[in-house]
There are 2 protein chains.
Amino acid sequence: MKKTSTSLQILSLLENCHCHLSAAEIYEQLRPQLPAVAPSTVYRILERLVHTGQVSISDMGGGTEVYEIANQRHHHLVCERCHTVLTLSDAEIQPLFESLQQRHSFVISTNHLVLFGICEKCRSGS
Amino acid sequence: MKKTSTSLQILSLLENCHCHLSAAEIYEQLRPQLPAVAPSTVYRILERLVHTGQVSISDMGGGTEVYEIANQRHHHLVCERCHTVLTLSDAEIQPLFESLQQRHSFVISTNHLVLFGICEKCRSGS
DNA sequence: CAGCAAATTGCAAAGACTTGCAAATGCAAA
DNA sequence: TTTGCATTTGCAAGTCTTTGCAATTTGCTG
Ligand SMILES: [Zn+2]
Ligand SMILES: [Zn+2]
Ligand SMILES: [Zn+2]
Ligand SMILES: [Zn+2]
């Protein structure tokens, strides 16, 4: 993968933000510095970063995929009603992945699991 | 939810097929019987069936979401290289879900988990 | 510091859904 | 069966993302 200024800026944007951003949000945050960048370029760079494992892509229920820097494995529980996001340490998921990998001779690459459901507050409140 | 002939046919299509179909595939299989149906109607019916839990929606890596009748909980491992799909019984996943639910007071609704990775054949072969 | 092949980009067109709205339909009460 | 309302549908327009392709840029070689 070639290092172009656009891809470096996208990576640094994601590194500093440490949050889940959609392609459109990344595109918007990029415009001030790189006014001439095309949306398709942003989509393609993100696709490449995902493919090389530097960035995770996930559907967090927001209607569009979000991207996050992949330097610390973690996972989430997302409430379908209030959209609260709980973060799970990798330790909570890793044992299952290990056992699946051994049982099925399969190497799992999913690095940012998102599970949906209803949180405690929504269950009791409503 | 009203019972319209289109929604009944989509449901029966998914029940008989027992496989993962994209919205476009469903639309195509529907046309012979319902030539006048609009694509947007198919998308909206599928959205409703997913919302009521009768159908699962998942990204299986094929570039577009696929739908499946949700009458038997199960999950999958999908090879990112050869696109082989392994099926996991719910029993392999349920214990993790239980423990997450208790630990985080969260009721998980995800009913068709898809994990990506590399299968044994691709790992040894290539 | 050229010269090159391969990777990357911008643009415009295509593709894949989504949405607003008026008309049609399903359902149940009268 | 008839009536009336809420749900559902078709259509067309809109949004978001992908793709083909020629032009540009990058990393390497000499
Ligand atoms: Zn995350
Ligand atoms: Zn909630
Ligand atoms: Zn399945
Ligand atoms: Zn494989």
Side-chain angles (χ1 to χ4, degrees), chain A residues 1-14 19-68 80 83 112 114 116, chain B residues 1-15 19-68 78 80 83 112 114 116:
Chain A
M1 170 158 175
K2 278 186 188 176
K3 287 180 189 174
T4 63
S5 76
T6 308
S7 72
L8 288 175
Q9 288 207 40
I10 289 180
L11 207 48
S12 120
L13 187 70
L14 288 169
C19 60
H20 307 104
L21 292 177
S22 69
E25 288 166 341
I26 292 169
Y27 176 65
E28 278 314 316
Q29 294 200 30
L30 221 56
R31 297 200 62 166
Q33 304 144 61
L34 296 170
V37 75
S40 62
T41 301
V42 174
Y43 285 110
R44 278 189 285 220
I45 289 175
L46 288 170
E47 183 182 26
R48 255 182 295 148
L49 292 173
V50 168
H51 187 252
T52 59
Q54 299 169 83
V55 166
S56 71
I57 178 176
S58 316
D59 171 5
M60 305 269 295
T64 182
E65 311 249 50
V66 292
Y67 299 83
E68 183 177 23
E80 290 180 316
H83 307 108
H112 188 253
V114 179
F116 295 94
Chain B
M1 170 152 177
K2 273 186 193 177
K3 287 180 188 174
T4 62
S5 76
T6 308
S7 72
L8 288 175
Q9 287 208 40
I10 289 180
L11 207 48
S12 119
L13 187 70
L14 288 169
E15 267 162 4
C19 61
H20 307 104
L21 291 177
S22 69
E25 286 165 343
I26 292 168
Y27 176 66
E28 279 314 317
Q29 295 199 29
L30 220 56
R31 297 201 63 168
Q33 304 144 61
L34 296 171
V37 76
S40 64
T41 301
V42 175
Y43 285 111
R44 278 189 286 220
I45 289 176
L46 288 170
E47 183 183 26
R48 257 182 293 149
L49 292 173
V50 168
H51 186 252
T52 60
Q54 299 169 84
V55 166
S56 72
I57 178 176
S58 316
D59 171 5
M60 306 268 296
T64 183
E65 311 251 48
V66 292
Y67 299 84
E68 183 177 24
V78 177
E80 290 180 314
H83 307 109
H112 189 254
V114 179
F116 295 94

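Order of the sequence lines fixes the chain letters, A, B, ..., with proteins taken first and strands second; residue numbering starts at 1 for each chain.
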**Student:** Under 4.0 Å from OP1 or OP2 of dT8(C): is there any side-chain N or O of Thr6(A) that close?
**Tutor:** no
**Student:** Starting at CZ of Arg44(B) and ending at C1' of dT25(C), how long is that distance when rounded to a whole Å?
**Tutor:** 14 Å
**Student:** What is the distance, to the nearest angstrom, from the CD atom on Glu25(B) to the C1' atom on dC17(C)?
**Tutor:** 16 Å
**Student:** Which nucleotide sits closest to the side chain of Val37(A): dG10(D), dG10(C), dA16(C)?
**Tutor:** dG10(C)
**Student:** Say you draw a straight line from CE of Met60(B) to NE2 of His112(B); how long is it, rounded to the nearest 0.5 Å?
**Tutor:** 5.5 Å
**Student:** Could you state the interatomic distance from CZ (Arg44(B)) to OG1 (Thr6(B)), rounded to the nearest 0.5 Å?
**Tutor:** 11.5 Å
**Student:** In whole angstrom, give the distance that lies between atom CG of Leu49(B) and atom P of dT7(D).
**Tutor:** 17 Å
**Student:** Report which part of the nucleic acid Arg48(B) touches: base, sugar-phosphate, or nothing (heavy-atom distance under 4.0 Å, all strands).
**Tutor:** sugar-phosphate
**Student:** Just to be sure I understand the rule, does Ser7(A) reach a base, reach only the sugar-phosphate, or reach nothing, if contact means heavy atoms closer than 4.0 Å?
**Tutor:** nothing
**Student:** If we check side-chain contact (heavy atoms from CB on, under 4.5 Å) with Leu46(B), which of these qualifies: Ile57(B), Ile26(B), Thr41(B)?
**Tutor:** Ile26(B)
**Student:** Within the pair Tyr43(A) and dT18(D), is there a side-chain N or O less than 4.0 Å away from OP1 or OP2?
**Tutor:** no
**Student:** Please figure out whether Thr4(B) or Pro39(B) has its closest DNA chain C nucleotide nearer the 5' end.
**Tutor:** Pro39(B)
**Student:** Starting from P on dC17(C), measure out to CD on Glu47(B) and report it in whole angstrom.
**Tutor:** 13 Å
**Student:** State the CZ-CG distance between Arg48(B) and Leu11(B), to the nearest 0.5 angstrom.
**Tutor:** 11.5 Å
**Student:** Between CG of Leu30(A) and CD1 of Ile45(A), what distance do you get to the nearest 0.5 Å?
**Tutor:** 8.0 Å
**Student:** To the nearest Å, how far apart are Ile45(A) CD1 and dT18(D) P?
**Tutor:** 14 Å
**Student:** Whole angstroms only, please: what is the CG-P distance between Leu21(A) and dC16(D)?
**Tutor:** 16 Å
**Student:** Thr64(B) has a side chain; which of dC16(D), dG10(C), dC17(C) sits nearest to it?
**Tutor:** dC17(C)
**Student:** If each of Met1(B) and Ser40(B) is mapped to the nucleotide of DNA chain D with the nearest heavy atom, which maps nearer the 5' terminus, i.e. the 5' end?
**Tutor:** Met1(B)
**Student:** Just checking Ala23(A): base, sugar-phosphate only, or nothing, at a heavy-atom cut-off of under 4.0 Å?
**Tutor:** nothing
**Student:** Rounded to the nearest angstrom, tell me the gap between atom CG in Leu8(B) and atom C1' in dC27(C).
**Tutor:** 14 Å
**Student:** Using whole Å, report how far OH of Tyr67(A) lies from P of dC16(D).
**Tutor:** 14 Å
